[in-house]
Each structure stands twice: as structure tokens, then as C-alpha cells.
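In what follows, a single structure is set out as C-alpha cells and then discussed.
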Amino acid sequence: MRIYENYSLLRCNTFHLDVKTRWFVEYDNEEDLQKLLRDEYFFSQQFWHIGQGSNLLFLGDFNGIIVHSNIRGIEMVEENDDHLYLKVGAAENWDDFVAFCVKRGWGGIENLSLIPGEVGAAAVQNIGAYGVEAADVIAEVHAYSLKNSEKQIFTNEDCRYAYRHSFFKEPENRGWFYITHVVFRLNKKPVFQLDYGNLRQCLEGKNINLQTVRDTVIEIRKAKLPDPEILGNAGSFFTNPYICLAHYEGLKKRFPEMPHYAVNDEVVKIPAAWLIEQCGLKGASIGGAAVHTQQPLVIVNQDHATANDIVSLAEKIQREVKEKFGVELQPEVNYI
Ligand code: EPU
């Protein structure tokens, strides 16, 4: 276990905000984590567990303890004719794990290529892209509850997964469960999901296999999402809003060209990117923060942005979308 005092979080958040934490603690295994969870000082402070910081916005210096897992490793725990189960350390880099599986011909997460972050955070956020969600392949989540310092094994059902939602994000659980491992169920005979957006079209003329799907998803993402290494950002800043059918019918009359996806008979999902673009906000900026011009769902740190610049810009977007469409955008990014 490593403990640092007055630690810079610059490399721990993809917005590249230059903030500090009073303490930074990194544990390497479950024994270290158990030790931490028996520590009275730990519980007397404010604490927050981070992954790679790719979905976080630090509002300022953190006067408490930032915790990070360094639990690594990929282990096969079960195998049958159709599937295999891999138990993966929470600190494994998500995209390295995707590459590892694709290389071995194990299918299920190839559409989730190039998503920044770590395996543990992927299970909390229920990351998703191109018609696939982490929830589709998660069999179990192993986590310690800070409420009783006990280890718990969550089945997929226990995780209460929904669009960008999980048990671990619910207000009474948020920040109270430290994930050590995630067990994934992968397909030995890949089943391709190519019907989202222009994925199938981009694969035209190519042999369809796990590697070409991965390469194509990477190509599409690189073309429209800014690389956080170059331009600080946390991916989609807002989730795509769900609205009721009556609200949708009303909007449809005023905006017949509005893109939409039926979630069920009563609920419709509208792309937040479209709503933001319609408000004329592509490229809009406050201080050093700006709405990305290729993908307006992303807020970028264009030039030494402060957390305040980013929050003010997010609020301006929420205000204008609400005024024009009566739709409330919810941040996907966690404010700390
Ligand atoms: N659109 C516009 N203007 C634009 C861009 C998009 O009007 O400039 C509209 C188009 O109608 C387009 C629609 O928005 O069809 C949806 O865009 P896209 O498919 O690019 O995806 P998204 O809804 O913007 C979601 C995820 C992304 C994920 C992509 C691909 C959320 C909040 N975001 O974005 O996830 O990569 O789908 O599956 O659900 C992330 O969470 O950080 C993230 C990048």
C-alpha cells in the first residue's frame, strides 16, 4: 500500500485539472484493502475511490483521502463449450482488457473498444457504446462494502444495471462499495452487434471478425471523440435523456427532424448531442472550457480551464436545452 500526502491529481483526471488531494492511498491487494477498511483515521475523513479519472470532475482540492486500486490480473475461472468466464482485477485498463480478449478470439466487448478507464469503473458506470453495454457481459462483481467492511459477491441481477446506471451509482450506495474484481462472461463463438449507427456501413468490404470490428470502432471513435491525452475531457458529459411519449409527440410537431429511439411504448430517448447542437452551442466556450465541435456531448478543456469554467458551461447547456425543449440534461460525469 502506498500513501502520499498533498498529492497532485493532475494525472488522475482526464480533464487535466491541476488539483490536489490531502492524502492519496493506493492498495495492491485485498489484504491491503481490508487493512484500510479497519483504519479509524480513514473513516474519520472524507474519502473517494477513483479509477482512471476519466469520468470525474474535481470541483477543487480534495481535503480528504483519494483511494485507488492497483489490483491487477486476468484469470480464467470457468469454461464450457460456448463461454468462458474471466475474473479481472479492477485496476486493469479497460481497453487493454478488450485487446486481450479480441486477440484470443473471445467475443462480447469488441464494440466497447477504446473507452477510457479501468475495469472496476466500467462495472460501476455500466459503460456502453455501439449497442453493447458492460452489463451484457458482466457475470459477477466482487466488492467490499464500507458499511460493514465485508466482501460481497454481486450477481448481474444484483447490480441493477440499466442505461449508464448500476446499484453502485444509487445515491445510498455511491462511494460505499470498493470493487476488487469483475467476472466477465465472454463468447467463444462471437455474436456480432453491428446495428448501431454507421458501424455496419463502416465495415463494408471488410472481413467481419473481432479484430476488424475493434479496429472499426476505434476508427469511428477517433474521428469524432477528442483524445483526452491531447484535449482534456471526460467523454460524454451528459447522458442521453429519456422523455415520455406525450412530451416527445409535442416536440415532434415543432421539430419533425428530431432523431429519437423508442425505449418502450411509453419512453423515448433523444440524443443530447442533437439537442445541444440545435441550441447553437457547438464550439461555445466559457473561460478555458468549450463544447467540442465534432461531438457537442463532450466538454473539453481547451485552454487551462478551471472546474468553474466547466461547471458554468455545463449549466449554460442545461439551461438552454431546458428553455428550448423542456428537457433536463443529467451529467454523466461525477462531480467530486
Ligand atoms: N448528433 C448530432 N450532432 C452531433 C453529433 C451527434 O445531432 O454533432 C446526434 C445524431 O443524431 C446522432 C446522435 O446524436 O445519431 C447520437 O450520436 P452518437 O451515436 O455519436 O452517440 P451519442 O449518443 O452522442 C453515445 C454514448 C457514447 C458512445 C456512443 C456510441 C452516451 C451518453 N454516450 O453517445 O459514450 O460512445 O453513444 O455508442 O450514451 C461516453 O459515455 O463517454 C461515450 C462517449
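Just so it is clear, the structure is predicted and the values come from calculations on it, not from any experiment. Just so you know, ligand 1 is whichever comes first in the structure, and atom 1 is the first atom listed for that ligand. Note that the numbering runs from 1 along the sequence shown for the chain.
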Inset, instruction - Please work out which of the three classes, parallel, tilted or perpendicular, describes the rings of F97 and W94, given edges at 30° and 60°. - result: perpendicular

Legend entry - Sub-3.5 Å N/O-N/O distance, T293 and ligand 1: no

Legend entry - ligand 1 contact on T239 by region, counting heavy-atom pairs under 4.0 Å: backbone

Legend entry - Part of Y163 within contact of ligand 1 (heavy atoms, under 4.0 Å): side chain

Inset, instruction - Work out whether the distance between some heavy atom of Q278 and some atom of ligand 1 is less than 4.0 Å. - result: no

Legend entry - Minimum heavy-atom distance C12-F58, with the two atoms named: O-CE1, 4.3 Å

Legend entry - Mode of F237 contact toward ligand 1 - side chain, backbone, both, neither (heavy atoms, under 4.0 Å): neither

Legend entry - Element-labelled atoms of ligand 1 that are located less than 4.0 Å from some non-hydrogen atom of G235: 42 (O)

Inset, instruction - Using the side chain to side chain donor-acceptor pair (under 3.5 Å) rule, take D309 and S312 through it: C-alpha gap first, then chi angles, then the decisive distance, then the call. - result: CA-CA 5 Å; D309 296 340; S312 304; 5.9 Å; no

Legend entry - Aromatic ring pairing F177/F154, orientation class (parallel under 30°, perpendicular over 60°, tilted between): perpendicular

Inset, instruction - Measure Q294 to ligand 1 on non-hydrogen atoms and call it side chain, backbone, both or neither using the 4.0 Å cut-off. - result: backbone

Inset, instruction - Hey, can you tell me if F24 and Y4 have their rings parallel, tilted or perpendicular (30° and 60° cut-offs)? - result: tilted

Legend entry - K282 touching ligand 1 at heavy-atom level, < 4.0 angstrom: yes

Legend entry - Heavy atom of the protein closest to atom 14 (O) of ligand 1 (residue, atom name, distance): P271 CB, 3.2 Å

Legend entry - Any donor-acceptor pair under 3.5 Å from N240 side chain to K269 backbone: no

